[in-house]
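Only one structure is covered here, and it is reproduced in the block below.
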Amino acid sequence: AELLKFTSERLTDCGGSYHLSVRNPKELHEMEASWDKFLIAFGDLEEAKELLGRDSVRKMGARMRNVADYVSKELSPKYDDQFATIVHGDYKAMNVFIPTETEKECSIIDFASAGVGLGMSDVAMHITHALVPGDLSGEQELELVHAYLEELENARGTSASSKPYPKQEALRHYQLAAVDYCRFVMGRFWSTATPESFERRKNSPNTVLVNRNLEAALAFIERVDVYLSRFEDEIANEG
């Protein structure tokens, strides 16, 4: 707790390059218009027509704007909250260097957005940024999250039993983070996205995959559509 308190005082108590508190308010205020532009740009493509024509998906701009504050609050623990940790905050593929020799550890760079948060925010960003849809289809997304949690439990050692991170709570945090990252992508990138811009960026490793690969974008939208429904229900039940 002392380390997290120090982090919140010296860095930020809301880690993350895409945290709602550090984004331009226009991104959220103009979310519906941004989403409408994406629908117009991609909606007539044969591979996108069915998904983007669904009523729940067509309304995602308004839905995202309506849940944004709730989702951000749920992902913004205080330094002494049960599941708080230090997050990297910009855990995209370009900031992780994987060695060619398996016995060596990964190297991570760019800690400018580090601060207090939930670790699943980093996990959700990295999975969205780096993994192709085939790696996430069916139960594979869930299997990846569970594999991460198993490695986390092993790394924590005795702390894992004294202060457990229940899988259902972790999965909820992951889904919240996926929605939150989608809010950032929708507001920051997709308002100007076109099939032509995807084509230009298709080989750019520093560009999030869902902003340069239509298959990845559609798979992300379909997952987030489901997650949004969960948190809309939570909000409704709280009311």
Side-chain angles (χ1 to χ4, degrees), residues 3-4 6-8 10-24 27 71-72 75-77 79 83-136 140-141 144-152 154-156 165 170 173-190 192-193 197-198 200-213 215-217 219-220 223-224:
L3 176 59
L4 291 175
F6 180 80
T7 300
S8 68
R10 297 295 295 272
L11 296 177
T12 174
D13 57 357
C14 295
S17 59
Y18 61 95
H19 193 279
L20 186 61
S21 65
V22 301
R23 299 306 311 164
N24 187 330
E27 293 177 3
V71 168
S72 184
L75 290 168
S76 304
Y79 72 86
F83 302 115
T85 189
I86 298 174
V87 297
H88 178 278
D90 195 15
Y91 206 60
K92 58 186 179 182
M94 286 293 287
N95 287 337
V96 182
F97 290 80
I98 300 175
T100 55
E101 300 176 32
T102 56
E103 66 273 12
K104 294 185 177 180
E105 296 182 353
C106 295
S107 297
I108 302 171
I109 64 170
D110 190 359
F111 289 85
S113 301
V116 176
L118 295 175
M120 281 301 182
S121 292
D122 282 345
V123 175
M125 179 180 183
H126 191 75
I127 284 178
T128 304
H129 207 282
L131 272 69
V132 297
D135 292 334
L136 301 172
Q140 291 184 90
E141 181 184 25
L144 281 168
V145 174
H146 284 168
Y148 165 79
L149 292 172
E150 289 174 7
E151 290 298 321
L152 176 65
N154 291 335
R156 294 180 66 211
Y165 192 11
H173 291 164
Y174 171 79
Q175 292 176 350
L176 281 163
V179 170
D180 200 43
Y181 192 57
C182 187
R183 180 264 310 158
F184 165 69
V185 172
M186 288 173 68
R188 176 67 178 84
F189 299 125
W190 280 353
T192 58
S197 70
F198 272 36
R200 288 195 303 271
R201 298 188 183 107
K202 66 179 180 181
N203 295 318
S204 171
N206 197 37
T207 301
V208 58
L209 188 62
V210 298
N211 196 39
R212 59 187 173 94
N213 180 289
E215 183 184 5
F220 187 43
R223 295 196 308 274
V224 170

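Starting from 1, each residue takes its place in the sequence as its number.
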CG on N213 to CZ on F198, rounded to 0.5 Å: 8.0 Å
Checking side chain to side chain contact (heavy atoms under 4.5 Å, CB included) for the pair F111/L11: CA distance, chi angles, key distance, verdict? CA-CA 10 Å; F111 289 85; L11 296 177; over 6 Å; no
How many angstroms lie between atom OG1 of T7 and atom CD1 of I86, to the nearest 0.5 angstrom? 3.5 Å
Relative to each other, are the rings of F184 and F189 parallel, tilted or perpendicular (30° and 60° limits)? perpendicular
Could you go through R183 and D180, starting from their C-alpha distance and side-chain angles, then the distance that decides it, and tell me whether this counts as side chain to side chain contact (heavy atoms under 4.5 Å, CB included)? CA-CA 5 Å; R183 180 264 310 158; D180 200 43; 2.8 Å; yes
Kindly indicate, with the supporting measurements, whether the criterion side chain to side chain contact (heavy atoms under 4.5 Å, CB included) is fulfilled by D135 and V132. CA-CA 6 Å; D135 292 334; V132 297; 3.3 Å; yes
Hey, are the side chains of H19 and L75 touching, using non-hydrogen atoms and a 4.5 Å cut-off? no
Can you classify the ring geometry of F220 versus W190 as parallel (below 30°), tilted (30 to 60°) or perpendicular (above 60°)? perpendicular
Considering non-hydrogen atoms only, spot the tightest contact between P99 and K104 and give its length. CG-O, 3.3 Å
Minimum heavy-atom distance between G16 and V22, given as atom pair plus value: O-CG2, 3.8 Å
Tell me, yes or no, whether the heavy-atom count around R188 atom CZ, taken from other residues, nucleotides or ligands under 6.0 Å, exceeds 12. no
Interatomic distance, H146 atom NE2 to E151 atom CD [nearest 0.5 angstrom]: 14.0 Å
Got a second to check how far R223's CZ is from T128's OG1, nearest 0.5 Å? 6.0 Å
Donor-acceptor pair, distance only, cut-off 3.5 Å: does the side chain of N95 make one with the backbone of Y91? no
Which heavy atom of A178 sits nearest to which heavy atom of V224, and what is that distance? O-CG2, 4.0 Å
Distance (rounded to the nearest 0.5 Å) between Y181 OH and H129 NE2: 4.5 Å
Considering residues at least two apart in sequence or located in another chain, which fulfil the side-chain hydrogen bond (donor to acceptor under 3.5 Å, both in side chains) criterion with T192? none
Test: side-chain hydrogen bond (donor to acceptor under 3.5 Å, both in side chains). Region: residues 109-126. Which pairs qualify, not counting sequence neighbours? none
Of all heavy-atom pairs linking S8 and Y79, the shortest is OG-CD2, 4.0 Å
Counting only N and O atoms by type, is there a donor-acceptor contact under 3.5 Å from the side chain of S76 to the main-chain atoms of S72? yes
Rounded to the nearest 0.5 Å, how far does CG of L4 lie from OG1 of T85? 6.0 Å
For R212, all residues meeting salt bridge (Lys or Arg N to Asp or Glu O under 4.0 Å), sequence neighbours excluded: none
Give the C-alpha distance, both sets of side-chain angles, the deciding distance and a yes or no for side chain to side chain contact (heavy atoms under 4.5 Å, CB included) between L131 and L209. CA-CA 8 Å; L131 272 69; L209 188 62; 6.0 Å; no
Which atoms form the tightest heavy-atom contact between Y18 and M125, and what is the distance? CE2-SD, 3.8 Å
Should the pair H173 and F83 be assigned to parallel (<30°), tilted (30 to 60°) or perpendicular (>60°) ring geometry? perpendicular
Determine the minimum heavy-atom distance between N211 and A193, stating which atoms define it. OD1-CB, 4.0 Å
